[in-house]
**Q** 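Structure in C-alpha cells, see below.
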Amino acid sequence: MRERRVSEDYALQTKEIINELLRAISESLGLEESFIEESLDLASGSQILNGNFYPPCPQAELVMGLPPHSDPAIFSLLIQNNTTCNGLQVLHNDKWVIIDLIKPSFLFLLGDHIEASLSMRVGKELGMKKVKIFRQERGTTPAIARYQRAKYAQPGATEAMVIISNGRYKSVVHRVMVSNESTRISVGISILPPTDVILAPAPRLLESSGSRTEPRRLTVKEFLALKFQNKGMNSAMDLINM
Ligand SMILES: O=C(O)CCC(=O)C(=O)O
Ligand SMILES: [Fe+2]
C-alpha cells in the first residue's frame with residue numbers, strides 16, 4: 001500500500017513538471033502555451049511509470065541492459081539510483097555518448113545535440129519551488145538558472161513530439177549498458193495521448209515550413225502498432241517523414 005501511495009504521489013508531482021515543460025516546448029515552437037496539452041488531449045491520456053533493474057553482470061561487455069530505441073511517447077522523464085554505473089547512452093553523430101547524470105536529478109533526453117543537455121536537480125522535496133535547472137554546455141561548469149529558464153532551453157523529445165513539432169524536435173535514440181560491479185535502477189515516466197488521438201504536425205508549423213506535401217496522419221494506436229511490429233526502431237517514423 002505504501003508503494004502505491006508513493007508512486008501516485010510521484011506521478012502527480014512529476015506531472016506538474018512535465019506540464020510546465022510541455023508549455024515551454026509549445027511556446028518555443030511559437031504555439032499557444034496550451035497547444036500540446038490540448039491538441040493531444042493529454043488530460044485524458046496516460047502516464048506510465050516503469051521501473052528498470054539492471055543487476056551487475058560478470059560479462060558486462062557481452063550484455064545490453066536495453067537495446068537502442070527511442071521512446072514511443074510524448075515525453076519521457078528519467079531518474080536513476082546513485083550508482084557508479086553510468087549505463088545510459090544516447091546516439092549523437094553516429095556515436096554512443098555516455099550520460100553522466102548530476103545526481104539526484106531528472107533527465108530529459110535531448111534531441112539533436114547533447115551539448116545542451118538539461119538536467120533537473122531534485123530538491124529535498126519534489127515541489128516545483130525546489131526544482132532548479134542546470135544547463136550543461138560543453139566545456140563549461142553547469143550554471144544554476146531559475147526554473148523559468150526551461151522556456152528557453154530545449155528539453156528532449158520523443159516521437160510524438162517530433163511529429164507535432166514537424167521535425168523541429170528530434171527523438172532521442174538511447175540504450176543502456178550494464179556494469180560488472182554495480183546495480184543500476186531507473187524509473188521512467190512516459191506521457192501518452194489517448195490512443196484515438198491523431199498525430200500530425202501543428203498546422204501553424206506546416207504553414208511556416210512551406211511544405212506542399214500533405215503529412216501522413218496516424219492515430220496513436222496505429223503509430224504504436226507500427227512501432228511494435230518489429231520492423232526496426234525507425235519504421236513508424238519513416239512512414240511519417242515522407
Ligand atoms: O534505464 C534507463 O536509464 C533508460 C530506460 C529507458 O530507456 C526506458 O525505459 O525506455
Ligand atoms: Fe527509453
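Counting starts at 1 for both ligands and their atoms, in listed order. Each residue takes its place number in the sequence, starting with 1. Model, not experiment: these values are computed from the prediction.
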**Q** Heavy-atom contact under 4.0 Å between R184 and ligand 1?
**A**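 Yes; R184 lies near enough to ligand 1 that a heavy-atom distance drops under 4.0 Å.
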**Q** Show the atoms of ligand 1 that are less than 4.0 angstrom away from any heavy atom in Y54.
**A**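 Heavy-atom distances to Y54 below 4.0 Å select 1 (O), 2 (C), 4 (C), 5 (C).
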**Q** Looking at S186, which atoms of ligand 1 are within less than 4.0 Å of one of its heavy atoms?
**A** 1 (O), 2 (C), 3 (O)
**Q** Side-chain contact test, heavy atoms from C-beta onward, threshold under 4.5 Å: evaluate it for P56 versus T183 and give yes or no.
**A** yes
**Q** Any heavy-atom pair between the side chains of Q89 and H174 that's under 4.5 Å?
**A** no
**Q** Is there a side-chain contact between F106 and L21 in this structure, where contact means two heavy atoms from C-beta onward sitting under 4.5 Å apart?
**A** no
**Q** Taking only residues at least two apart or on different chains, which pairs with a member in residues 37-50 satisfy salt bridge (Lys or Arg N to Asp or Glu O under 4.0 Å)?
**A** R23-E37
**Q** Under 4.0 Å, heavy-atom basis, I'd like to know which part of H174 is in contact with ligand 1: side chain, backbone, both or neither.
**A**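 Near ligand 1, H174 shows its side chain, while the N, CA, C and O stay back.
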**Q** Considering only heavy atoms of L66, which atoms of ligand 1 have at least one such atom less than 4.0 Å away?
**A**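 So the answer, numbered in order with elements, is 5 (C), 6 (C), 7 (O), 8 (C).
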**Q** Please tabulate, for the side chains in residues 185-202, all donor-acceptor contacts under 3.5 angstrom to protein atoms that are two or more places apart in sequence or on a different chain.
**A**
{"residue": "S186", "atom": "OG", "partner": "N52", "partner atom": "ND2", "Å": "3.0"}
{"residue": "S190", "atom": "OG", "partner": "S76", "partner atom": "OG", "Å": "3.3"}

**Q** Which atoms of ligand 1 have any heavy atom of V176 under 4.0 Å away?
**A**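 Going through ligand 1 atom by atom, the ones under 4.0 Å from V176 are 1 (O), 2 (C), 4 (C).
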**Q** Is any side-chain heavy atom of R184 closer than 4.5 Å to a side-chain heavy atom of L88?
**A** yes
**Q** Going by the order shown, which atoms of ligand 1 are within less than 4.0 Å of some heavy atom of N50?
**A** 9 (O)
